[in-house]
Amino acid sequence: MNFWRTLRVAWEGLTLNKGRSFLTTLGLIIGVAAVIVMMAVSAGAEAEIADQIDALGANLIVVMPAFQPGGVAGMGRARSGLAYPDDLEAIRQGVDGINGVSAEQSTVQEIRTGGNTLSGISIVGTTADFLAVRQSAVALGRFITDEDNTRRNEVAVLGSGIAQELFGEQNPLGQRIRIGSVNFVVAGVMERKGVVGNTDYDARVYIPLSVVFQRYSTSRFGGDTLNTVLVSAESRGAMEQVMQDITMVLARQRGVPTSEPDFGLMTQDTVIQAAASTTEAFRNLLGWVAGISLVVGGIGIMNIMLVSVTERTREIGLRQALGARPRDVRLQFLLEAITLSLIGGLGGILAGVGGSYVFGELGTMRTALVPMSVPLAFAAAATVGIFFGYYPATQAAQLDPIEALRRE
Amino acid sequence: MTRTEDDQGADDVEKRVIETSGLTRVYGRGDVAVHALRGIDMTVDPGEFVALMGASGSGKSTLMNILGCLDRPTEGSYVLEGEDVSQLNKDKLAGIRNRRIGFVFQSYNLLPRLTALKNVMLPLMYNGHQSLSKGEMRERAVSVLEAVGLGDRIDHRPNELSGGEQQRVAIARALVNDPSLVLADEPTGNLDSKSGDEIMALLRQLHRSGATIVMVTHSAHDAAKAQRIMALRDGRVTARDLGVEAARRLESVTSLEGEAR
Ligand SMILES: Nc1ncnc2c1ncn2[C@@H]1O[C@H](COP(=O)(O)OP(=O)(O)OP(=O)(O)O)[C@@H](O)[C@H]1O
Ligand SMILES: [Mg+2]
């Protein structure tokens, strides 16, 4: 019997018991859906990491104070911050191959103009090198300068969104705004940058770092000390050398041995690793779910095929009597199993694509559908069908025609 | 006219359809072994219509299964149209069943979910030697269904047909690949006498058109429609050309035997 006719016969066999066939495919539907969701979540996590790297800026080195061994965790002198401006200056002067050194210290304040009030705005104190380090640009006016920092000028550079909200069509340059209880003059407006990672760059306001320390700092972080210093290397290749130099220069500056620095360095690679390890656990879990459901689904198919062979023994005997060879019978039941699996695969693809979408929409997890996962899932389902359909199909093919015909 | 042992040698030119020698079939082994056939030598010539009688358990069905290539003998040879088929493999036997043998069962054995037409088309589907198109298959199936008088029932399913009609569908199915041998194991066994007579009339008509038929029956009335009656007892051939009167006696004996059980 030719392939297509056998496929027809297999299909007719399946439609004999639609409800049962559907229930049998449920395991596979779950398995295939899990494969697709898993891949979508992985891809989403990767995109998330890529965004974090973007947010960090390429070739960025983050310098942080280290936890002090011996201090009680989280208390007293558990951390001793990096000094402003001395540590910054030491790196700027002592390390070659860098685009800039910057620091950011944020506070959340209310902004008022003559008519408008915006509350809960992120105010970022920083230095002139911010532009180089964060790969940002000014659209209007100027950015914070070194002079602003040394003189503690009360000038502000607005994110594009803030400028729009406060001044609309009006020119913001030279306008007065009140941030918390301090009056500032608007010196510039940033270019649109949008949301990167979790940060909406357009909804921030930049002021000199020294002003944050003077006007908004609480003593919690120890006065004029920083939690992070950001260094941008000129190239990825230069990173290794730059990191070594920073360690040496900063250790000398802070009077600690280079072998036991009281600070640490972090790069995008460290961030990638950290992010990857958290998503990996989830990915592994889903991978196991997918694998186990595929196997369970396959066993379900094998089970139902064995039942089907038993129920239809007489039919098999008759077909043999009419000239079906063992291989014709095997192909018929194998195709039945494969068809069943492929239906499961199709259902799984629908459920998986839908599931990925719902996951993404709910915001529980970022997902990005991987086009390859669809043929992959289909192939997985087909493989399960062949693998678990083979045994029942062979059982059917090996039946003795007379025995089979005699069965009730 | 009936053939006898003596004149068989005369037409060597024409190959015998069936020629067996020393066929035995043992079910199981050791203490529980059942010797269903104990050395069957028989011949059937082209165009013959042979009835096979014998008590229940005498080995008729066992013999028919071997003649139909559904089973292989334990010992002995079976030459079908000049080819020894007694030790062929499963694939070869399937091919022979498909193209050279038409088997009619006592219980019709139609697939319940298929229409009469589809049931008759089944053997065509497994005929790898002839790749007929769907349309050609349909055409052939329709023409045999018409030949058995069911031209107006082709789209009926078995549960919409009477027993006699179902058996006619089964006969159409046996004929659709134009076999050289038609085997029928108690084809009227499940039918009332009227339907049984219709089936017998059909088989006779088939015989007149040249078919070679071997039929198992318990009824002397049916056996009388055949050209020659063979008798089996305990796995051995006891008569090769039994007269109708003898067949009647045999029938009463076997039915007595049947009652004695
Ligand atoms: N599969 C089997 N296993 C064991 N013994 C069997 C098997 N098939 C048949 N037999 C035995 O072989 C003998 C012949 O059986 P067979 O079916 O050929 O008889 P029969 O002449 O067709 O009888 P009936 O007229 O009742 O159909 C019987 O004794 C039967 O019990
Ligand atoms: Mg029998």
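What you see is a predicted model, and the numbers here were worked out from it, not measured in a lab. Chain letters run A, B, ... following the sequence lines, proteins first and then strands; every chain starts at 1.
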Practice task
Compare all side-chain heavy atoms of B:R25 with those of B:T62 and state whether any distance is below 4.5 angstrom.
Solution key: yes
Side chain to side chain donor-acceptor pair (under 3.5 Å) pairs touching residues 341-354 of chain A, sequence neighbours excluded, are none
Ranked by heavy-atom pairs below 4.5 Å to chain A, first place among B:L124, B:D91, B:I101, B:D71 goes to B:D91
Subject >> Backbone of B:E136 reached by a side-chain donor or acceptor of B:S133 within 3.5 Å >> reply: yes
So, the part of B:R99 with a heavy atom under 4.5 Å from chain A: the answer is neither
Cut-off 4.5 Å, heavy atoms of chain A, and the answer for B:M137 is side chain
Lys/Arg-Asp/Glu bridge criterion (N-O < 4.0 Å) met for A:E12, B:R113:
no
